[in-house]
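Just so it is clear, the structure is predicted and the values come from calculations on it, not from any experiment. Residue numbers start at 1 and run along the sequence shown.
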Amino acid sequence: MLGRFDIYAQVHKGIRLALSGLCYQAGSVDGSDKERVNSFVEEFRRIVLILDAHSRDEDTHLNEAYEKYAPETLHQLEEQHSVLELKLEKLIELVDQLDMNKQDPSHHQKIWYQIGKDLNRFTADYLIHLQHEEGPGMEALWENLSDDQLKVISINIRSSIPPQVMSIFMHYMIPAISHLDRVGMFSEMKKFAPKEAYAGMLGLAESRLDQKAWLQLQAALEENKTERIGL
């Protein structure tokens, strides 16, 4: 709903970027290219961390509201979570096998081929799941919770995420969201986050954005600072 606080929007944009990037790598990298395959494996394992965290955060911070106001929606989302977790476990097993069969080129190629196929299917199913969260899920939350209540839940979620995992989330979220969303996110971060954490996220933004987007962000944050001084 336009104008309402969307608890899913930014993190889902980041996850979509992460998974689409993995699919691109799996489809474009030759299985014999050890360096690029290793890069895929490392990134895959980082993304598993944020997928696990995302699911866990929903269970901890959102399920109570769903259970109270939209139990049928919660049941559907939980069923989807269970199916996706099984598919992700199988993918993890394949990636582990890939790592263990580097000395067997033929078997290595077969595993790499299967990873590409299974990852594409997992991503398709996962994106449909995200759509259900953003559709029936978010609609149920909007109908029963105010924006202020949703923002409190969002703050609780972010506060519970370990710094290492948050850095991975932000690695994908920063380039995936709009300029206005970035300005809002970093302005809020500057108010509440420790200076070292804020500086670290600015450094991450500089590394993840193209020059134009980075300069736009810098200028907007400086303008916000000037406006506050003038009040």
Side-chain angles (χ1 to χ4, degrees), residues 8-59 75-137 161-178 204-205 207-210 213:
Y8 288 118
Q10 293 185 5
V11 67
H12 281 188
K13 288 180 181 181
I15 290 174
R16 286 186 175 100
L17 177 60
L19 289 174
S20 62
L22 276 183
C23 289
Y24 168 74
Q25 289 184 65
S28 63
V29 171
D30 191 307
S32 62
D33 188 333
K34 294 181 180 179
E35 183 176 347
R36 294 184 68 189
V37 169
N38 287 341
S39 294
F40 168 89
V41 170
E42 290 174 5
E43 185 161 11
F44 172 83
R45 288 176 174 158
R46 287 196 299 270
I47 290 172
V48 167
L49 290 176
I50 63 173
L51 295 183
D52 285 345
H54 183 55
S55 178
R56 186 169 57 251
D57 291 339
E58 289 172 348
D59 290 345
H75 179 68
Q76 292 171 351
L77 293 176
E78 287 293 276
E79 281 190 335
Q80 292 171 6
H81 280 158
S82 297
V83 172
L84 289 168
E85 285 170 6
L86 289 174
K87 291 184 176 182
L88 184 57
E89 286 174 7
K90 291 179 180 178
L91 263 174
I92 293 170
E93 290 174 6
L94 279 174
V95 171
D96 288 343
Q97 289 178 35
L98 185 76
D99 222 16
M100 292 186 296
N101 285 275
K102 293 178 179 178
Q103 307 307 318
D104 185 347
S106 176
H107 193 45
H108 188 270
Q109 289 282 15
K110 289 179 181 178
I111 297 172
W112 180 245
Y113 173 83
Q114 193 60 46
I115 285 173
K117 294 296 183 183
D118 288 2
L119 176 62
N120 286 339
R121 181 55 191 267
F122 171 79
T123 299
D125 292 340
Y126 199 94
L127 295 183
I128 292 172
H129 169 67
L130 295 185
Q131 196 64 37
H132 285 152
E133 290 183 337
E134 294 169 4
I161 298 173
Q164 178 192 9
V165 178
M166 178 58 79
S167 293
I168 301 172
F169 270 121
M170 295 294 285
H171 177 85
Y172 297 105
M173 285 170 58
I174 288 171
I177 63 178
S178 70
L204 179 58
S207 70
R208 292 292 288 156
L209 298 173
D210 59 42

- Taking all non-hydrogen atoms of both residues into account, name the closest pair between Gln131 and Pro136 and its distance. O-CD, 4.3 Å
- Task: Check whether any side-chain heavy atom of Phe169 lies under 4.5 Å from a side-chain heavy atom of Val11, and answer yes or no.
- Result: yes
- Give me the one residue out of Val29, Asp33, Leu119 that meets side-chain contact (heavy atoms from CB on, under 4.5 Å) with Phe40. Leu119
- Query: Among all residues two or more places apart in sequence or in another chain, which pass the side-chain hydrogen bond (donor to acceptor under 3.5 Å, both in side chains) test with Asp118?
  - Reply: Gln114
- Message: Within this structure, what is the CG-CD1 distance for the pair Asp57 and Ile50, rounded to the nearest 0.5 Å?
- Response: 11.5 Å
- Message: How long is the straight-line distance from CD1 of Ile174 back to CD of Gln10, given to the nearest 0.5 Å?
- Response: 10.5 Å
- Message: If you define the side chain from C-beta out and look only at heavy atoms, does anything of Leu22 sit under 4.5 Å from Phe122?
- Response: no
- Message: Is the shortest side-chain heavy-atom distance between His171 and Arg46 below 4.5 Å?
- Response: no
- Note on the structure: When every non-hydrogen atom of Ile161 is compared with those of Met166, the smallest separation belongs to CG2-N, 3.5 Å
- Phe44 versus Ile92: any side-chain heavy-atom pair under 4.5 Å? yes
- Query: Looking at side-chain heavy atoms only, is the closest gap between Val41 and Arg45 below 4.5 Å?
  - Reply: yes
- Item | Side-chain touch Gln80/Tyr126, heavy atoms, less than 4.5 angstrom | no
- Item | Met170 versus Pro175, closest heavy-atom pair with distance | O-CD, 4.2 Å
- Once you round to the nearest 0.5 Å, how far does CG of Leu77 lie from NE2 of His132? 8.5 Å
- Item | side-chain hydrogen bond (donor to acceptor under 3.5 Å, both in side chains) partners for Glu78, two or more places apart | His81
- Task: Taking all non-hydrogen atoms of both residues into account, name the closest pair between Gly116 and Ala26 and its distance.
- Result: CA-CB, 4.0 Å
- Kindly indicate whether the side chain of Leu127, heavy atoms from C-beta on, has any atom under 4.5 Å from the side chain of His12. no
- Query: Does His107 reach the side chain of Ile111, with side-chain heavy atoms less than 4.5 Å apart?
  - Reply: yes
- Message: Give me the atom names and distance for the closest heavy-atom approach of Ser207 to Leu204.
- Response: OG-O, 2.7 Å
- Between CG on residue Leu91 and CG on residue Leu84, distance to nearest 0.5 Å: 10.5 Å
